[in-house]
Amino acid sequence: MITPYTIAIADDHPLFRSALKQALSQGFPEATLLEADSMLSLQTLVRQCQNLDLILLDLMMPGADGLSGLIYLRSHHPAIPVAVVSASEDQSVIQQVMNQGAAGFIPKSAPLPLINKALTCIFNGEIWLPEQYANQTTSTSPEIHNVTDKLASLTPQQYRVLIMMTEGLLNKQIAFDLGVSEATIKAHATAIFKKLNVRNRTQAVILMKQLAVKLPELNTANAS
């Protein structure tokens, strides 16, 4: 009997989402494939869908510049496996991802049979890495651990507000988008700054940038 998995594809590149959906539909024809083009839309999708079996997460998309999206998902939705799918194959990036609790790391360059193998392993409760990286280890810096703990302490709504802050939105814009009062956003901001142990927006954004990952082998700024 084929298990009807529900898989969320989170990537801001529509062509890649389309290609991955086509690939997954061949390897897992009974699967329900959902899409998100930003961390905010993924957050909404996860909240609305109660039966997600896997999230395929891009490292670099709006609201998830590096590890922050993965940290949020592992903190607030630990029961949902998250596999990172990225154009980066840098060992330090892969190890940071795995240290944050990812169920696997799948290069975007991986051929279809390898992607299907990776997902099958993850659905079986295993951790999957490309063979050449499986036995390599790199420790995560104390600074990253510190930021991770702080970010994990935010509520889902506080995280949404923080994402919008990092995108440069003003309090009144955030309030409008979330359908709440500006006073509510100011209260969220105060709580965020306290939990992150910062004084203002600028320091909060700088803290978030510590979770960004570098993709040294890529030539385009928006590739991920």
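Values below: every heavy atom of this structure, side chains too, minus hydrogens, waters and symmetry copies.
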Closest contact, heavy atoms only, Ala83 versus Ile122: CB-CD1, 3.8 Å
Side-chain touch Leu178/Val161, heavy atoms, less than 4.5 angstrom: yes
From Leu207 atom CG to Lys150 atom NZ, the distance as rounded to the nearest 0.5 Å: 5.5 Å
Minimal non-hydrogen separation, Ile7 against Ala31, with atom names: CD1-CB, 4.3 Å
Ala189 versus Met165, closest heavy-atom pair with distance: CB-CE, 3.3 Å
Ala23 versus Asn116, closest heavy-atom pair with distance: O-OD1, 4.3 Å
Residues that Lys21 engages under salt bridge (Lys or Arg N to Asp or Glu O under 4.0 Å), provided they are two or more places apart: Glu35
Partner residues of Ser41 under the side chain to side chain donor-acceptor pair (under 3.5 Å) criterion, sequence neighbours left out: Asp37, Ser38
Side chain to side chain contact (heavy atoms under 4.5 Å, CB included) between Leu151 and Met208, intermediate numbers included: CA-CA 9 Å; Leu151 190 62; Met208 288 288 281; 3.9 Å; yes
Pairs touching residues 95-129 that satisfy ring-ring contact (aromatic ring centres under 6.0 Å, His included), sequence neighbours left out: Tyr5-Phe123, Phe28-Phe123
Side-chain touch Leu52/Val46, heavy atoms, less than 4.5 angstrom: yes
Contact list for residues 186-198, test side-chain hydrogen bond (donor to acceptor under 3.5 Å, both in side chains), sequence neighbours left out: Gln158-Lys195
Minimum side-chain heavy-atom gap Arg17-Pro14 below 4.5 Å: yes
Glu126, CD: over 12 other non-hydrogen atoms inside 6.0 angstrom: yes
Hydrophobic cluster identity match, Met60 and Val205, side-chain contacts under 4.5 Å: no
Side chain to side chain contact (heavy atoms under 4.5 Å, CB included) involving Pro111 - partner list, sequence neighbours excluded: Pro113, Leu114
Candidate list Val82, Asp11, Leu33, Leu119, test side-chain contact (heavy atoms from CB on, under 4.5 Å), partner Leu56, passing option: Leu119
Of all pairs that satisfy side-chain hydrogen bond (donor to acceptor under 3.5 Å, both in side chains), the ones with a partner from residues 67-85, not counting sequence neighbours: Gln43-Tyr72
Candidate pair Leu73 and Leu42, rule side chain to side chain contact (heavy atoms under 4.5 Å, CB included), full reasoning: CA-CA 10 Å; Leu73 292 169; Leu42 177 60; 3.9 Å; yes
Side chain to side chain donor-acceptor pair (under 3.5 Å) partners for Ser18, two or more places apart: none
4.5 Å side-chain heavy-atom contact, Arg160 and Thr44: yes
Sequence-distant partners of Ala204, side chain to side chain contact (heavy atoms under 4.5 Å, CB included), two or more places apart: Leu162, Phe193, Leu196, Val198
Sequence-distant partners of Leu169, side chain to side chain contact (heavy atoms under 4.5 Å, CB included), two or more places apart: Met164, Gln173, Ile174, Asp177
Contact check, side chains of Asn51 and Thr32, non-hydrogen atoms, under 4.5 Å: no
Taking every non-hydrogen atom, the tightest pair across Thr6 and Cys49: CG2-SG, 4.1 Å
Atom of Pro4, atom of Asp53 and distance for their closest heavy-atom approach: O-OD2, 4.3 Å
Those residues that, when tested against Gln50, pass side chain to side chain contact (heavy atoms under 4.5 Å, CB included) (two or more places apart): none
Selection residues 199-208 - residue pairs positive for side-chain hydrogen bond (donor to acceptor under 3.5 Å, both in side chains), sequence neighbours left out: Asn171-Arg201
Interatomic spacing from CG in Leu40 to CD in Glu167 - rounded to 0.5 Å: 6.0 Å
